[in-house]
Structure formats: C-alpha cells, structure tokens
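Fair warning: this is a prediction, and the values are worked out from it, not measured in the lab.
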Protein chains: 2
Amino acid sequence: MTVPSGRRERKKAATRQKIADTALRLFLERGYDAVGIRDVAAEADVAVTTLFSHFASKEALVFEQDGDFEQRLTQAVACRAPHEPLMPALRREIQALVRHCTADSSAPIWRMVDESPALREYEESMRLRHAESLARAIAADLDLSETTTACRTIARFVIDAYSLAREAADPETAVDEIFHMIEAAWEVTCPSGGARGTVPPGKAGAGRAVTSR
Amino acid sequence: MTVPSGRRERKKAATRQKIADTALRLFLERGYDAVGIRDVAAEADVAVTTLFSHFASKEALVFEQDGDFEQRLTQAVACRAPHEPLMPALRREIQALVRHCTADSSAPIWRMVDESPALREYEESMRLRHAESLARAIAADLDLSETTTACRTIARFVIDAYSLAREAADPETAVDEIFHMIEAAWEVTCPSGGARGTVPPGKAGAGRAVTSR
DNA sequence: ACCGTAGCACTAACCGTTAGCGTTTAAAAA
DNA sequence: TTTTTAAACGCTAACGGTTAGTGCTACGGT
C-alpha cells in the first residue's frame, strides 16, 4: 500500500493514453455520435470494461484529457502576486483559457463538442463543479470561513464569462466586456477583504476603481 | 390540417397526463433511479414507445410538467408595465419562481432532483436554453436586431440567480443580494434604455464560426 | 360514407454502462 | 529468494434508456 511507483504505473498511464488518443482520433474522424464505446475499445485493443476503469463515461474521453482547468482557476486566485486585486487576476486567467480553446489547434474538438448535445451537457455540469471550487477559493482568499452567496455568485459569473466568450464572435473582446460587468457586480458586494473601504449602499455609478487593462 | 380540436386532442392530453402522473407518483414512492421506464409504462398501461412519443426522455417526465418557466421570464420582460425598469421586473419574477419551487408542496420533487445527478444535469441544460430565450427577449426589449454579448451575459446572470437562490439557506434574501450585483453589472453596460454601444465599433460581427443550432 | 393520418402497440434491437468472475503480473512482505 | 497481495485487464452477460420498423385502430375532415 505504499507508493506503487514503477513499471506498473507507466503501463497504466500508457493504456490510458492509448485509449484517449484512439477515442479522440475516431471521434474526429467519424463524429462523436457515430463512434461507439465498443469501437473505441476494439481500436485501442482493450476490453470495454478496461476502458471504463480508466474513464468514467464516454464524454470523459473527450474532456478528461486536460483536467487542469479547475486548478488553473483556483491557483489564479490563491497564487497571484501579493496585493494584486482579485478580478484582474481572474480576468487574465480566463482570457488565457479562452485563447487556448479558441486556438486553431483546438477548433475541431470544440466544434465536435458544440455539435453533440451529450458533450455540451457534460461540459455544462463540469462548469458547475468548477464554479463551486472557484467559490471556495475566493472565500478562502477573503478569509471567510464559509462560501457565501456572494462568493458563489461571482464564481458563477466568472465561469459564465468563459462559457459565453467561447461562443462569441470575438472572444477576447467578449471577455473584457463581461469582466467589466463582473467587476461592477463585485464592487457592490465585497470590495473589503481588508484593503479598501466598503462601498455604501448608494449607487456606485459608473465608477470603476479596479483597473481593467 | 385545421385545428384538430375534439375528442382526439382530449384523449391524447389524457394519456399524457396519465403518464406524467403515474411517473411522478412512482418516482416519489420508490425513488427516481429505482423506477424504470418499463415500470412507468406498465403502470400507466401504455407501451414504452407511446411514452416516448409524449416525452422526449425519462428526465422530461419530471420537468416537462410545468413548462411555463421560460414563458414567465420572457413575459416578465415583454409584458411589464410601461416604463418600468427591466431589472426590478425580472427580480420580482425570479423571486416568485424561487418562492414557488421552495414551497413545501414542491419540496419532495426538488429533493428528488437534488439527489439524482441525471436530473440535475437535465435541469442545468434546461437553464441554458432558458437563458438564451431570456437573452433574446432582453435584446428585443432594447430594440436590438441581434442578441449581443451583454444581453446574453445578463440573461445568464439572472438564471444563475434562480439557481443559486434555490440552494441558498435563505432564498429570498439571496435573490435580493444577487440582483443587487446584477443591477450593478447592468448599469455599466446599458445605462438606461438607449441601445448604446456595448461593443466598440469595428467588432460587431454578426457571423459566427462555431455553434450550430 | 370514405379516406388520410394521428395515436398507439408490439417486437427487436442498439448503445452506454455495470456486475460477476477469472487471469495475469508487478510489487510488497516473508 | 519465495510467497503473498492486489491492481490491471479480460470475458460474458446483463440492465436500463432509447429508437427503428411495422401495423392496427379510430377519429376527423371532406
């Protein structure tokens, strides 16, 4: 029960990678819905049960490749430069993520996702989980003992920004536009955290204290 | 091809209702996952194929009962009192919807939904559709010819308010809190009525590369 | 009165997913 | 080293949601 480091791990990882690569190739060649689990398993030369011991579902074959999305967001909050405001850091990270998944190399994959209702649903439910993680990270950053409604709300908005920008005609502009709105929402609830003064309940007007570009 | 009003419609509606009632009863009695489609069909005394000609999926048996959610939101925008600002109208409607589904009478149903991942996913994807409809309604209200990013964003935020408030300890307070944030976001993009430049000139692309449907 | 069609039923299957059980083999314990 | 353990993998068979394919029946328009 110690660390099973060695050949075994490598073989397992290799099998997993082979399955993932085969699946993605077949999906892109013939379309997600036109390829069955049994096809993937046969082509990767593994049993169906083996495939499901590596991936929890068919959709996971597509998404579980780069699982660092969640980590990147929470680390953008936790590991940012000292005294850097929260929102600009998040905006930068979302910008990077959007750029990454609208790049030409990722385009076919995302087109496939957009065309399959099953994949869209799966991604949506992933995003909700990510939003909860982000909410916890934000709450921790503010030294809150629990995730408040405000934290959850802002986290949702940030995830929405990613989702909406990805579909926009001009993703980068969309991120800026949406974060402009998010920062306004952020200011009226919790600009505290120790640094600045709280905005009184009166209208904050068009004022934008936090920088954006 | 005229209006097929008559006995036929009544019979169809009766069959549909009988299926829905039977399904909900069985689900609440034995749990959603413990009841199969074949069970529902047998108990409602219809064939499985008949069931699926009335409902698109098992999850739809739970949610397609009150399908007016979407309509209530769009009408809250379109049919509000003249000169009433947009956000208060939406806030009122969301408040009513949240109250409705946190009422004691609805409690068992929503507990069932919360306990079943399949139902949660289904509801999430419904919410996305609702957000798109709401975005169109908002765009139309502002005399925009297309659904802009800002409209889509605000629509998402409003749907998020519903979703988050439903899970909050104090739903009504949560709605107010979240709408406070939404109104701040709204003000920085669309300062009162005028359909003004939410997108800097030069980028107002109407075309879309991805996203079918 | 007659015909088109909508509603419904039945069989049989497809597809994703899981359970049960056995085999290999790498790693840990002796 | 030898023995023991358990993880990875495989096979068969099945379950549950969903969908053709086909045909029957009865309602409704003409």
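Straight-line distance from the CG atom of A:D33 to the C1' atom of D:dT19: 14 Å, rounded to whole Å. Per the geometry, CD belonging to A:E9 stands 15 Å off C1' belonging to D:dA6, to the nearest Å. The nearest whole Å value for the distance from the CZ atom in A:F27 to the P atom in C:dC15 is 13 Å. At whole-Å resolution of the value, CD in B:E59 and C1' in D:dT18 are 11 Å apart. The CZ atom of B:F52 sits 18 Å away from the P atom of D:dG21 (whole-angstrom rounding). Going from atom NZ of A:K58 over to atom P of D:dG17 covers 19 Å, rounded to whole Å. Per the geometry, CZ belonging to B:F55 stands 15 Å off C1' belonging to C:dG7, to the nearest Å. Atom CD1 in B:I37 sits about 13 Å away from atom C1' in D:dT19, given to the nearest Å.
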Could you pull out all donor-acceptor pairs under 3.5 Å where a side-chain atom in residues 13-25 of chain B meets a protein atom, sequence neighbours excluded?
unit_1	atom_1	unit_2	atom_2	d
B:T15	OG1	B:K11	O	3.1
B:R16	NH1	B:H54	O	3.1
B:Q17	NE2	B:D21	OD1	3.1
B:T22	OG1	B:K18	O	2.7
B:R25	NH1	B:E29	OE2	3.4
B:R25	NH2	B:E43	OE2	3.2

Pair up each side-chain donor or acceptor in residues 132-139 of chain A with any protein partner under 3.5 Å, not counting sequence neighbours, and list the distances.
unit_1	atom_1	unit_2	atom_2	d
A:S133	OG	A:E70	OE2	2.3
A:S133	OG	A:R136	NH2	3.4

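Using a 4.0 Å heavy-atom criterion, one finds that B:V35 contacts the sugar-phosphate atoms exclusively.
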At under 4.0 Å between heavy atoms, how does the protein contact nucleotides 8-13 of chain C? Give one character per nucleotide, 5' to 3', with B, S or -.
SBBB-B

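Remark: aromatic rings of B:F63 and B:F69 are distant, center separation not under 6.0 Å.
A:R80 contributes a side-chain N or O that, together with a main-chain N or O of A:V77, makes up a donor-acceptor pair within less than 3.5 Å.
The side-chain tip of B:K58 points at the ring of B:Y32 from less than 6.0 angstrom away and within 45° of straight on.
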With 3.5 Å as the limit, what N/O pairs link the protein to nucleotides 2-4 of chain C?
none

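Contacts of A:R72 classified as side chain to side chain contact (heavy atoms under 4.5 Å, CB included), with partners at least two apart in sequence or in another chain: A:D68, A:E93, A:A96, A:L97. Applying the side chain to side chain contact (heavy atoms under 4.5 Å, CB included) test to A:S57 and every residue at least two apart in sequence or in another chain returns A:E59, A:A60, A:Y122.
Within the 4.5 Å cutoff, no side-chain heavy atoms of B:I182 are placed close to those of B:L90.
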Does the side chain to side chain contact (heavy atoms under 4.5 Å, CB included) test come out yes or no for A:R152 and A:F157, once each step is laid out?
CA-CA 9 Å; A:R152 256 190 277 267; A:F157 288 3; over 6 Å; no

